[in-house]
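First the structure, in the form of C-alpha cells, and then the observations on it.
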Number of protein chains: 4
Amino acid sequence: MPTSASAVPDKRAAILETTLELIAARGFHDTPMSAIAKESKVSTGIIYHYFASKDELILELYKEIKYKMIRDVLADYSEQAPYKERLRRLYHQLIRYYINHPKEANFLEQFEHSPYNDPNFQEVFRDELTPFIISFFVQGMQEGVLKDMRLEIAVQLSFGVAISLAKQHNRGVLELDEEIIDSAVDASWDALKK
Amino acid sequence: MPTSASAVPDKRAAILETTLELIAARGFHDTPMSAIAKESKVSTGIIYHYFASKDELILELYKEIKYKMIRDVLADYSEQAPYKERLRRLYHQLIRYYINHPKEANFLEQFEHSPYNDPNFQEVFRDELTPFIISFFVQGMQEGVLKDMRLEIAVQLSFGVAISLAKQHNRGVLELDEEIIDSAVDASWDALKK
Amino acid sequence: MPTSASAVPDKRAAILETTLELIAARGFHDTPMSAIAKESKVSTGIIYHYFASKDELILELYKEIKYKMIRDVLADYSEQAPYKERLRRLYHQLIRYYINHPKEANFLEQFEHSPYNDPNFQEVFRDELTPFIISFFVQGMQEGVLKDMRLEIAVQLSFGVAISLAKQHNRGVLELDEEIIDSAVDASWDALKK
Amino acid sequence: MPTSASAVPDKRAAILETTLELIAARGFHDTPMSAIAKESKVSTGIIYHYFASKDELILELYKEIKYKMIRDVLADYSEQAPYKERLRRLYHQLIRYYINHPKEANFLEQFEHSPYNDPNFQEVFRDELTPFIISFFVQGMQEGVLKDMRLEIAVQLSFGVAISLAKQHNRGVLELDEEIIDSAVDASWDALKK
DNA sequence: AATGAATGAGGTTTCATTCAT
DNA sequence: GATGAATGAAACCTCATTCAT
C-alpha cells in the first residue's frame, strides 16, 4: 500500500507518455489501445477513465505537447534584445526544442499532417504561439526593419525553415550545429530585412 | 457492343484514383479497402489482383503521383534563362502543381509524414527530383551567384517555402496570386543570392 | 446472482469442446472460427483472447486430448500382472478409449494425418506414451518373452491393430465386443511372443 | 503451332500431377485452385473444363491413384505360390508401392482420413482391392491354413501393419529393408496362421 | 480449348469500447 | 480507481467459380 502521494503511479501521465512513444515509433494506424495499455502497464479499462476515447487521448496529448513546446521556445525570449537577435534566439530555441524532443517533434508532425488536425479542432484549440508570431512580425514591419510582406511568407522564410532543418537533423540526413544554424538565420534575415 | 479502347474500364486506374480521393478526404486510417472497392465500383477481390496488399497499393499510388509531379514541375524548365528567372519558374511551377492538384498534394504530405515513408522505402524509391535540385543549387554556387550554404538550407528557403505557401492556399488560409508568389520569390532570392 | 464456481462460464473450455465437435463432424476445412464462436455462444473476439490463432487453438486442442488419452489408457496399468495380461489390458484400454471418445479419436486421426502434424510440432510436443511403449516392449524382449524385432513392428502388430479396429468400430463397419477384442489380442500375441 | 500430337501438352494430366504434389506438400487446406493453375502453367478457367469443381478434381485424383496402386500391388500376384509366399509378396508389393510413390501414399492417407472420404463417396467408389483381400483371407481360412478370425483383424495384422511401416519409412523414422520387412511378414504370419 | 480478369461471400483476425467485479 | 474478460463490427485478404473474349 503506498503511503506517500509520490508513490502513487501517475497512470494518466504514463498513458500519455506511452502513447507518444508508440505513435512516434509506429504511427497512428499501428498504435492500438491494447498496446498502449500493455506498454503503460495499466488495464485497457483505466484509459477510458482518464480519456473519453482514443481520439480524446490523442487530442489531449497533442495539446499538452504543443503547449509545452510553446512554453519552452518562448522561455528566454526578451523584448530588450535587438530585433535580429530576437529572431535568432527564437530560431535557435525552436530548433533546440525539436532536437531535444524528437518524439514530440515527430508526433506533432504526424498529427498536423493527419486528419486529426481538422479545422474544427484547430478552431477550438487555443494556440498561443500564432498570435505571438503575428505580433512579432507586425512589430518588425511597423518598426521599418522588415520588408512589408505577407505574414505567412515571413513565417515560412524563418520559422518554417528552422523546423524543416530540425526535422532533417532528427532524420539523420543533416547534422546541425550552432554555426550552420546561424548561417540559416543570416540567410533568413536577408530574406526578411528591408 | 463498344469496340473502342476507351470502353475498356481500366479498373487499376479507377482503384488508384479512388484511393487518392478517399485518402485525401479521410486519411489513411479511415480509408478501408471496402470503401475503395465500393467507390471504384469494383469488387474487393480485384484490388488484390492489381496490388499485392493495401500497403502496396498506397506505395504504388505514391510513386505514380510523385513521378507525375516531378514531370510537371520540370516541364518548362530551361537552362537558357538567367539564374533567378529559373528559380522563379521552378517556384511557380511547384506552387502551380500543388494548387492544381490539391488531392495529390494532400496525399503526398500525408504520406511523407506517415510511417509509410520509412527509410527502407525511400532507399528503393528512385526520386529524380532530388538530384536535379542538388545540381541546380550547386551550379548557382559555382557560378558565384548564390551564397555558399548547406544545400538543405537553400532548398528550404526556396522550394520549402513555396510548398508551405501552396499548402496554406489549399487549406484556404492564404489566397495566393502571381504577385504574392513573386514577392515570396524575391524574398527567397534575397536569402540565397550572394 | 450465482456465487458458485460452476456458475462461471468457462469460455476457454467451451471453445475447445466446440472445436472438437465441429472438426470431428465437419473436418478442419469446414470449421470456421465464426462457427466455433456461434456454437460456443461466445464472440469471435474472445477466442483470440485464449488462443493466439486458429492454429494455436487446434494445436492446444490436440495436446489436451492426447494427454488425456494417455492418462486414461495408462490408468489401470500394473507392473504386477503377467506380461501377456499387461498387453491385453493396454489393448483393451486403448480400444475402450477410442470407442468411448469417438470425437476425440476422430480428431486425433484427422490431426495426425494432416499437415498440422509437422515434424517441428512433434519435436516440441512432449508425448509421454512413446517412451512408455518403448520400455514396455524392450522389457518384454529382455525378459525373453517376446521375439527380437524392431519396436515399430511390435507396436503396429499390437497397438496399431487395436487402434485400427477401434476406428472401424466407430465408423460402424465392425462391431467390437470383448470376445472379438480378445481374439485380436491372442493373434497379436502369437505375432509377438517368442 | 504444335505439329505433332505429342507436342500437345496434356493439361488434364498436368493438373492432376500438380494437385497431387501440392496436396502432398501443403495439405488440402493450403492448396487453392489458383496455386494448382500457376504450378501447372494453365489458366484457372481450364481446370473447370476438365473437372466440374475442386471436389471433383480431388475425387478424380483419388480414384486414379487408388486404381494405379491396386494395379501395381496386384501385378505379380500369382495363385500358384504357396499361401505364405503369396502373403509375403503382397506385403512387399504394398510396401514397395508406398515407398516408391511417397506423394501418392501421402495423398491417399490424407484423403482417407479427411471428410472427403465420406460414406457416400466410398459407396459409389468401386474399390477392387477390398473384394480381392476378402477372398484372399476367406480362402486361407477355408483351406485351414489361417486361424478363424474376423477378416478386419486379419487385414490389420498383415496389410495394415505393412502400410504403417511404409508410412514410417517415408517419414524417415524407420529405415526399411528386405530383411526387416521379412521379419514383419514372419510375425504377421505367426498372428494369422493356425 | 483456353485465358485470366472479375466477382463477392466468407475466411481469419483486430480493435475501440464496455462492464461486471 | 482499477482490472481484463468480453463484445461484435469491421478490417484485410482469399479463393472457388464464372464468363467475356
Side-chain angles (χ1 to χ4, degrees), chain A residues 8-12 29-38 40-58, chain B residues 1 3 8-12 15 29-38 40-57, chain C residues 1 3 8-12 15 29-38 40-57, chain D residues 2 8-12 29-38 41-58:
Chain A
V8 176
D10 189 341
K11 293 183 195 281
R12 187 178 181 282
H29 79 281
D30 194 24
T31 300
M33 295 297 257
S34 56
I36 294 172
K38 181 184 280 185
S40 305
K41 289 173 181 157
V42 299
S43 66
T44 52
I46 200 65
I47 300 179
Y48 289 85
H49 178 72
Y50 292 110
F51 306 96
S53 68
K54 191 184 184 185
D55 279 11
E56 279 299 313
L57 165 57
I58 288 170
Chain B
M1 188 191 305
T3 51
V8 176
D10 188 342
K11 293 187 195 281
R12 187 178 181 281
I15 292 163
H29 79 281
D30 194 23
T31 300
M33 294 300 254
S34 56
I36 295 172
K38 182 181 284 185
S40 305
K41 290 172 181 158
V42 299
S43 65
T44 53
I46 199 62
I47 301 179
Y48 292 87
H49 181 73
Y50 292 109
F51 307 97
S53 67
K54 190 183 183 184
D55 279 11
E56 279 297 315
L57 165 58
Chain C
M1 188 191 304
T3 52
V8 177
D10 189 341
K11 293 185 194 281
R12 186 177 181 283
I15 292 163
H29 79 280
D30 194 25
T31 301
M33 295 299 255
S34 56
I36 295 172
K38 182 181 283 186
S40 305
K41 289 175 182 156
V42 301
S43 66
T44 53
I46 199 63
I47 301 178
Y48 290 86
H49 182 72
Y50 292 109
F51 307 96
S53 66
K54 191 181 184 185
D55 279 11
E56 279 299 312
L57 166 57
Chain D
V8 177
D10 189 342
K11 292 183 195 281
R12 187 176 182 283
H29 79 282
D30 194 24
T31 299
M33 294 296 257
S34 56
I36 295 172
K38 182 183 281 187
K41 291 175 182 156
V42 300
S43 67
T44 52
I46 200 64
I47 301 179
Y48 289 86
H49 177 74
Y50 292 110
F51 306 96
S53 67
K54 191 183 183 185
D55 279 12
E56 279 300 313
L57 165 59
I58 288 170

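- Separating the NZ atom of Lys41(A) from the C1' atom of dT3(F) is a distance of 17 Å, rounded to the nearest angstrom.
- For Thr44(B), the side-chain contact (heavy atoms from CB on, under 4.5 Å) criterion is met by Ala37(B), not counting sequence neighbours.
- Rounded to whole angstrom, the span from the NZ atom of Lys38(A) across to the C1' atom of dT14(E) amounts to 13 Å.
- Rounded to whole Å, the distance from CD on Glu56(C) to C1' on dT13(E) is 14 Å.
- Applying the side-chain contact (heavy atoms from CB on, under 4.5 Å) criterion to Ala52(A), with sequence neighbours excluded, gives Glu56(A).
- One finds the CD1 atom of Ile46(B) at 11.5 Å from the OG atom of Ser40(B) (value rounded to the nearest 0.5 Å).
- Rounded to an integer number of Å, the gap from Ile47(C) CD1 to dT7(F) C1' is 12 Å.
- With rounding to whole Å, Ile15(C) atom CD1 is found 12 Å from dA5(F) atom P.
- Interatomic distance, Leu57(D) CG to Tyr50(D) OH, rounded to the nearest 0.5 Å: 13.0 Å.
- If you measure from atom CD1 of Ile36(A) to atom P of dT14(E), you get 17 Å, rounded to the nearest angstrom.
- Distances shorter than 4.0 Å separate some side-chain N or O of Lys11(A) from OP1 or OP2 on dT3(F).
- With pairs defined as Watson-Crick or G-U wobble and both atom distances under 3.5 Å, the stems of at least three pairs that touch DNA chain F come out as E:2-21 with F:2-21.
- For dA2(F), one of the phosphate oxygens OP1 or OP2 lies less than 4.0 angstrom from a side-chain nitrogen or oxygen of Tyr50(A).
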Protein proximity profile, nucleotides 8-15 of chain F - base contact B, sugar-phosphate-only contact S, no contact -, cut-off 4.0 Å on heavy atoms: BB-SSBBB

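- Spacing between atom CZ of Arg12(D) and atom P of dA2(E) amounts to 13 Å, rounded to whole angstrom units.
- Qualifying side-chain contact (heavy atoms from CB on, under 4.5 Å) partners for Tyr48(B), counting only residues two or more places apart in sequence or in other chains: Met33(B).
- Legend: residues meeting side-chain hydrogen bond (donor to acceptor under 3.5 Å, both in side chains) with Asp55(C), ordered by chain and number and at least two apart, are Tyr116(C).
- Considering NE2 of His49(B) and NZ of Lys11(B), their distance stands at 11.0 Å, rounded to 0.5 Å.
- Considering only heavy atoms from C-beta on, Ile15(B) stays 4.5 Å or farther from Arg12(B) through its side chain.
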